[in-house]
**Q** 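This is the structure I want to talk about, given as structure tokens.
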Amino acid sequence: MPRLDKVAQIPKPDKIFVFKSCVASNKYPGIEACSSDSLRILGIEPVDSDEQTCCGGFVTFANVAAPTASMPAVARNLSLAEEKGLDTCVVCNGCWTFLNEFGHFMNHNAEVKASVNMMLNMMGKEYKGTGSVYHIAEMYYRLKEELAENVKRPLKGIKVATHYGCHYLGGGKYTAIDDAQMPSYLEEIIEILGGEVVPYTANRECCGTGFTQVINGKDLSLEHTKTKLDSVKEADPDILVVQCPYCHSQLDRIQQQFNYRDEGDFQTPILHIAQLVGMGLGLDVAKLGFAAHVSGRARLENVLDRIGR
Amino acid sequence: MADNYLEAYGKETSQDAGERTLKYFEDLFSMEMPLSRMMKMMPGMVKFMMSSKDTREDLFKFMPQMTPMIKQAVTGK
Amino acid sequence: MRLRIHENGIRTIVEESIQKSLTACLQCSKCGGGCAHVDEFDLSPRQVIEYLLDCLDEQVLDSRTIWLCGKNCTECEVICPVGLPLNGIMVTLREEATRRGVEPKYEQPSLIYHKFEHCSKHRREGEEG
Amino acid sequence: MLEQVKDWDDDFYERWKPIAMGFVNEAERCLQCGKCTGQCPAAAVTPGYNPRKLIRDLVDGNIKRILSSVELWQCFFCSGCYSTCPMDINFPFFIFMLRLGAMNEGYGWEDVKQLEAYAEKDYLKDGITVSIRERNPFVVDTVGDIGKIREAAGLPTKRVVSKRGVAEINMISDLSGMTSFMKKIGGVDLLDCNTCDDAQARRCKTKPLPSKVGKITTKTRFYNYGEPSGGKTNAKT
Amino acid sequence: MSKKTLVIGGGIAGITAAQKIAQNGGDVILIEKEDALGGNFAKLTYTFPVLGDAKALVSQEVQKVQTTPSIEILTNTTLTACQGSVGDFSVELKTLSGTRQEIVGAIIVAAGFHYMEPTAYTEYSYGRSPKVVTSLEFEKMAAENRLPQGNVRVVFVHCVGSRDKAKGYVYCSKICCSYSAKHAIMMKKANPQSKSYVFYIDIRALGKGYEEFIRSAMEEHNVRYIRGRVAKVLESEGKLLVRAEDSLMGNPVEVEADLVVLASAMEPPVGSRDLAAMLGIATDEYGFFQDVESNVRPCHSSKPGIFLAGSCTQPMEIASAVAMGGLSASEALAVTR
């Protein structure tokens, strides 16, 4: 069950710094478009800046960048939001965990913060550590009431299954808004949007990307994704909702690889929570960016016809 | 990856491997700023300064903060 | 790999032949400690029991231990706190392996072992060399 | 060749904790209860991978075995073990730091080479780690050009990070020694279906795909040429 | 100086304390907040280590207490106020028929313990699947013989809530190893076709005959003991997938089970902190009543004249609760005579 005390701590700002995720911008633009437009509909003005680079989490945990190299990059990104006095809203589990972990680490480690600030002063920036980082799913759960009021296209009769992703709930063991084993805030958002929740056994399993395992140990990663997708296929939902573009890209693309390797016929469309909320709030279809999806496209069109374009 | 790590390391014991790893982490996470490290940072700063006009101004604004560190690094006090 | 635990592996055959439940095994690995040849085996006697209980039948049957061990050297049986007849278990596994056509693997182990091999006094009746 | 306990470095972990400044903590509190391996997705598919054993070796000081092990590079980084651990041991941070140590010993460079290419050609070049490059010809056939989809969604055709931003992260990378580290590692060049000749495209489409999922004996990499990292030989034990 | 003693809590510790005081000529007021004596002991069907009949033992003890004249038993009664010092405490008791003022010489706290509700353990899908029960519910099912029939697999999980810094208590609840073995044997007796699995970290058999009892579960009733803490229990089409690591082999394992029994932690009784505040005695950081010196003066609370008995001080089995009941009775007699 969601930790309501944690949810209450999330403010309802009138402006928020939207952190663009690399996978979302270049592989699934629908996530980026829907996240900022849905926040605007829910009454929060999204602010973004093209100074903001990648959060650096991928290159760090892939051991290309040592923590001393990526901590200044994180501080730099966070200082962009602090200059405008805003909190940061991310769409990706990896960004959330990475920005939070290193931000928390710097706030509790004065000498590290001093050396990071030395580097940032060279660029005329300074990391104070005042802003905090929220996930878009947390914001949707916090704005439940506004979400309920603004639903224009209720997802009547659409069977939706959830996949929470590991980094947000695993990395945020004490800071996420729900416990790691039986989260239910995505289910509540689906019910608010009118969809019908479909449970399946491997709900809390990892999507199989293994962060860099899909590049280095592809066979192990495919093996795990296969068990996940088999379990999803049993429940046969219309849509599988994820909250991280990296899970999105893995589950989406690997279904196609399984299909033409006749490993089974996987046609489950994968949607990010921002796209699902965008669909519920009635954003026009081009903004949802379904053209960038790889598998389950026919079923996606069928869902759109059922709930009205 | 060693198929058999005992053969890969030969005579070396875990203590030596541990020593080496600790020394690596020490200078990876070290906070002080010896002269050698500052020299290694110079090309990066120069490239940043050359890249555009406003980056040059920021670096000049940073210079007063830099001078005590250079003095401390050079004199090693 | 994740193993599925069930009860209808060869463990039931072994339990019927020794008339004692393998779950009695305390997994204290005293047998592995006491055994003279354990560095030649790929599985220590304790691991053989645990593999049986974990239904890893193929790995047990094509391990070297069941072929080398159990030739009337009862060092582990003596010190087993639960008194599991490890020799009997190895004999049953060997029969099961030959029944399933698993070719035996016993390149010659260390010299200690030879002493038992040739000494007819130690050999049990009805068991070939 | 039996392992000698006397050559274990038993105070390695104690001396390592202050140096790593809070990235590694509480491994000495490990109960060895096995809850992390029980839920580990990597342990479920990879023979021989066991996070509990890695923590055991670390606290024991069996540094040789950890740094040269292939298991260090098989972790899925899903931090499920951190969420179920009764003693709050952040295992992914251990893996992350031990991998740095292993690379200092010369292991794992082949795995990092694949990722160094992303850092060098995308992250430091235009500030975004995942570029529009697509290395899967079937995806390019179904999705087509991302730029048009971005325009339809009302976003600029190409997400651009300002030149100032790119210059800043390049400086950070130079100052912190990441560039020299990446030069030492070296990288492979990234395939891109949009700009590749049709000979390579034909080879990619006809390349034998990794072995049927379920048998962990794959040698070939799905789209990139080149042998996978040396670590796979241990995967079968 | 009043010669009466107030015993709070009608569990086995309280009953023993009351009996011992009555046998030595003291008079007792025994108050119990439930409507029957017996406490947690009454909820059991068998005891360990010799599978004795718990129901008979409890009723025999309760019957003995009810027939002794000098023990006044007040059920559905709680303590609402307490002033004074050793020798004459003025206590206010809220009974069904209104409040009563009493003057007592000594007070014995025998409030018992409470099984922790493992709702925080969502990884075991407790609360989501009806087939995941706590040990108390298993006792009730065994008493009403609603145990699953046919060849089913029952999994017993140790250390749920105890030895867990993150979501539970760091201490070990001492008796789960023994009563899980008892449950496994009860399951085998009730349904010989069933298979029992026990997931443990270490077996802690801390009493006479306990190790033999647990060994008999392994040897005669072939209960399969797997060393490894259960990581996840998933529901899939009516079956429960119990996932853990057989850490003696280093492989993750999965057992398809029909019933999962969680041995949850023994935590202090509900409201132990405000009872302690009312009496003015100290509790430890978990809420158990704190004894002054746990080795040489185990029964003495931080306030002279108030004594502690039973599992309200620490997780303990029935034998120790009875022993501590007797000890606190003799302490109370020393004060009130």
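Chain letters run A, B, ... following the sequence lines, proteins first and then strands; every chain starts at 1. Since this is a predicted model, take the numbers as computed values, not measurements.
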**Q** Heavy atoms only: give me the nearest Lys53(D)-Met249(E) pair and the separation to one decimal.
**A**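 So the two residues come closest at NZ-O, 4.2 Å.
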**Q** Between Asp88(D) and Lys165(E), is there a side-chain heavy-atom distance shorter than 4.5 Å?
**A**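 They are in contact (side-chain heavy atoms under 4.5 Å apart), so the answer is yes.
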**Q** If I take atom OG from residue Ser247(E) and atom CZ from residue Arg56(D), how far apart are they, to the nearest 0.5 angstrom?
**A**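 Atom-to-atom, Ser247(E):OG and Arg56(D):CZ are 11.0 Å apart.
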**Q** Could you tell me if the side chain of Ile201(E) sits less than 4.5 Å from the side chain of Gln32(D), heavy atoms only?
**A**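 With C-beta onward as the side chain, the pair stays apart.
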**Q** Checking Arg227(E) against chain D: side chain, backbone, both or neither under 4.5 Å from a heavy atom?
**A**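 Looking at Arg227(E), just its side chain touches chain D.
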**Q** Contact between Arg52(D) and Glu245(E) at the side-chain level, heavy atoms closer than 4.5 Å - yes or no?
**A**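 In contact.
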**Q** Write down the atom of Ala166(E), the atom of Cys85(D), and the distance for their closest heavy-atom approach.
**A**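 Answer, listing the atom of Ala166(E) first, then Cys85(D): CB-O, 3.8 Å.
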**Q** Where on Phe199(E) is there a heavy atom nearer than 4.5 Å to chain D: the side chain, the backbone, both, or neither?
**A**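 No part of it gets close to chain D.
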**Q** Evaluate whether atom OH of Tyr46(E) has more than 12 neighbouring non-hydrogen atoms of other residues, nucleotides or ligands under 6.0 angstrom away.
**A**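 No.
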**Q** Yes or no on side-chain contact (heavy atoms from CB on, under 4.5 Å) for Thr84(D) and Lys232(E), after CA distance, side-chain angles and deciding distance?
**A** CA-CA 9 Å; Thr84(D) 57; Lys232(E) 239 188 240 190; 6.0 Å; no
**Q** Within this structure, what is the CG-CG distance for the pair Asn251(E) and Asn50(D), rounded to the nearest 0.5 Å?
**A**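 These two atoms lie 8.0 Å from each other.
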**Q** So, for Pro252(E) and Ala43(D), which heavy atoms are closest and what is the spacing to 0.1 Å?
**A**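 For Pro252(E) versus Ala43(D), the nearest heavy atoms are CG-O, 3.4 Å.
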**Q** Less than 4.5 Å to any heavy atom of chain D: does that hold for the side chain of Val230(E), its backbone, both, or neither?
**A**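 For Val230(E), the contact with chain D is made by the backbone alone.
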**Q** Which bit of Cys81(D) is near chain E, if near means a heavy-atom gap under 4.5 Å: side chain, backbone, both or neither?
**A**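 For Cys81(D), neither part sits under 4.5 Å from chain E.
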**Q** In terms of heavy-atom pairs under 4.5 Å with chain D, which of Arg163(E), Arg243(E), Glu254(E) leads?
**A**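 Result: the option with the highest number of such pairs is Arg163(E).
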